Number of protein chains: 2
Amino acid sequence: MRDDATSDLRNEVVGRVTIRDVALEAGVSVATASKALNERGRMTSETRERVRTAARLLGFRPNAMARALVHQRSFTLGLLTSDTYGRFTLPVAAGLSAAMSDRGVSVFLCAIDDDPERARLNLEAMEDKRVDGLVIAGKRIDRTLPLNLASARMPVVHVVAACPPDGVGFVPDDEGGAFLAVSHLARLGRRRIAHVTGPRSFAAVPLREAGWRRALGEAGLPPFGEALCGEWSERFGYETGQRLFGAAAERPDAVFCGNDQIARGLIDALAQSGLGVPEDVAVVGFDNWELFAQAARPPLTTVDMELKDLGREAGLTLLDMIDGKPVEPGLRRLPCRLVVRRSCGGGAP
Amino acid sequence: MRDDATSDLRNEVVGRVTIRDVALEAGVSVATASKALNERGRMTSETRERVRTAARLLGFRPNAMARALVHQRSFTLGLLTSDTYGRFTLPVAAGLSAAMSDRGVSVFLCAIDDDPERARLNLEAMEDKRVDGLVIAGKRIDRTLPLNLASARMPVVHVVAACPPDGVGFVPDDEGGAFLAVSHLARLGRRRIAHVTGPRSFAAVPLREAGWRRALGEAGLPPFGEALCGEWSERFGYETGQRLFGAAAERPDAVFCGNDQIARGLIDALAQSGLGVPEDVAVVGFDNWELFAQAARPPLTTVDMELKDLGREAGLTLLDMIDGKPVEPGLRRLPCRLVVRRSCGGGAP
C-alpha cells in the first residue's frame, strides 16, 4: 500500500542522518536496522552489533518521535499552573525542568491563570500532545486548580496544591518548618516567642502554628499569647508590630512570622519604636523569598520551603508512575530548611 | 514492505477513535480518509464530504502527532530561560503561554540556569522534539544566554535579552518608560528631579537616564545633578537617600529611581529623616514589581514593563516567522506603562 501519510511519517521519523543511511552502512534492511537499534525483534547479536556500530559511526541520533514510537512514550510532561505571578511556581518549575532534562524528558508549561476555560484548553492540548503525565502546581496547599482530571488517562502529581485522597501530592512540611524556626529561637535563649501570621483560612496557618506550639512545648516555654492571624502583608506585620510593642504590658522577645512580608513590616515597626533587631527582639520569617529577606534591615532569618526540591521530587515520582513502578498514594510533606541571617541573633544553628 | 516501526507509527498517529474507524464508516481506504481530512490528494468532493461527515459523527479528533505530520509542524515552541528566579521570565512565559494556547500551540519550558551544559542539553531536546521555533528569554537586555544558536535550524526570537544584529528581539522601551515617569513628575510641579539608579554596566541604566534627561529637557528643567548609579538594591536606595537628604545643601523635590527596590530603600531613608512622601519628596520606581510596589509606604508609583505583552508579541511574531511571513529583523522596543500610586502625589495623570 502506498500512502502519502506514511511516507511523510517516515521522513519525519528519521533525523539528519537517517535510519536508511544506517541500514545501508550496515548492509541490512531498514526494518532490521530499526529493530536492532530499538532492541526489539530477533536477530543475531552480530547483526545487532553491526547496526549499532554503523549508527555510532554515522552519528545517528534517533529523534524524539522515533523514540516515542518505540517506547510508547512521548518523553514529555505537562506542568499546569495557576500561579502566573510565579513566586511559588517558578522554583518548582525550575527544579522539575532541570531534573527532567537530565533524564531526556521535556516539560510543557501551561499557565492557566485560574481560568477554567483556559485550563480545559490546556488540558486538551496536553492530551493531544500525548504527554506521559501531568504536574499540577498551585499557590496554596488547600486549593485545587479549576481542572477536571477525572477523565485524564495519565499519571498526575500535585505540588503546592490540594491533592485528592487517592492522588499523589507534594507540599512543604509547614509544621516542621515552623518547628525548626521556633526551636532555633528557644535555643538562642528567647523566652517570650510570639507568632504573627496570615489568615486562618489558609491550611498553612494552623500547621505553622502547630509547629510553633510544639517547639515551645519541647523547650518548656508557654506560647506568648495566641497566634495573631491577619493578612500575608507587610501592612499587617507593621500594624501588628505597632500594637505588640506599643503596649506597656509585657512584650515578646522574639516573633515568629508566618511569612517574610509580615516579618518585614514588623521589623519596620520595631525600628520606628526604637527597638533593636535582634538585640531587643529576634524576628524570623517564612518563605525565604530572597530579595525580600536579604533586603530586610537586618537581613531576615527565615524558613525555605525548598520548592526546587519539591518540583524535582514530584517529577521523579511522576516518572516512576509513568514507568509503572508502585507509588503509594498520599501527600508527601518535604522538609523545610532554616536559613539563618542576622534578624534572629546568635549566628549559625 | 512490512515494517514494525511503520505499524507502531500508525497506531500512534491515530487517536481514540481511529482514522481506520472513520475510513470504515465512510466506506473508503485509510489513505483516502486521511487525505480527505488533511485536504490533500485528489478525490471527488462527495468523497471528501462523506469522510468529513463520518469523522464528525464519530467524534474523530486528529491527534497532535497527526496534525504535525500533515502540516509539517509540531505546534510546539521552546522557551529557554536563564531566569529561574522568575521575576522577569514568569510574566513573559505567562503572556506567551496564554497567546499560544489560544492558537493551539504548546510551549516547552527549559530552565537553563545560566549553565552552558544544561543549555546545550535543552537545545538538543528542543531540536529532537522538533519544536517549530524558540523563544530565548533572559534577565537583562544586554546579555545573551549561553547558547550556540548558529546551528539551530528554526526561527528564534529574543525577549529581555541581547539580540544578534540579524535577529528578532523584544525588549521594554526603557527610555520611553523613564520619560513617562519623569514627565509625570514635571507635570505635577516638581522642579528638582534627581535620578538614583543601578550600575552603569547594565544597558537599561543609560537608557533610563536618557529618558530622564529628555523629559527634563522638554519640561525646561535642568537635571538635578548627575544620575547616581550604584546597585539595584534597597540598601543602595537607602544609603543614597541618607546622603541626598542628609546634606544641608539644596535637596531634590522628587527622585526617579531605576527600580522599585531602590525606591523602597530611598523611601525608608526619607521616613527616617522625617521627610514626607509625597509631600516633601515625590518618589517613582521602575518595574512595578507589585508585591514590592504596593507594600511601600506610601504605595509606589512605578513603570510597568508590560512583560506579559512582550511574551505575547514575541510568540505571535515567532508564529509569523514559522508561517514564512516576512518579519523584519531587529529589536522591537515595546511601550511601558506608568502605574500611578500615592508616592508621586497628585493623583491620576
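Just so it is clear, the model here is predicted, and its values are computed rather than measured.
- Formation of a donor-acceptor pair under 3.5 Å by the Ser97(A) side chain with backbone atoms of Ala111(B) is found in this model.
- Arg264(B) and Phe292(A) make their closest contact through NH1-CZ, 4.3 Å (heavy atoms, listed as atom of the first residue, atom of the second, distance).
- Of the atoms belonging to Met126(A), it is side-chain heavy atoms, and not backbone ones, that fall under 4.5 Å from chain B.
- There is no contact between Gln294(A) and chain B, counting heavy-atom distances below 4.5 Å.
- Asn122(B) CG to Ser106(A) OG: the interatomic distance, rounded to the nearest 0.5 Å, is 7.0 Å.
- Among all heavy-atom pairs drawn from Phe75(A) and Lys129(B), the shortest one is O-NZ, 2.9 Å.
- Separation of atoms CZ (Arg120(A)) and OG (Ser101(B)) is listed at 11.0 Å; rounding is to 0.5 Å.
- Per-residue counts of heavy-atom pairs under 4.5 Å with chain B were compared for Arg235(A), Gln261(A), Met100(A); the largest is that of Gln261(A).
- The CZ atom of Arg103(B) lies 12.0 Å from the CG atom of Leu121(A); values are rounded to the nearest 0.5 Å.
- Of the possible donor and acceptor atoms, one in the side chain of Arg118(A) sits under 3.5 Å from a partner among the backbone N and O of Ala98(B).
- Between Phe108(B) and the options Leu109(A), Thr76(A), Val107(A), a side chain to side chain contact (heavy atoms under 4.5 Å, CB included) holds for only Thr76(A).
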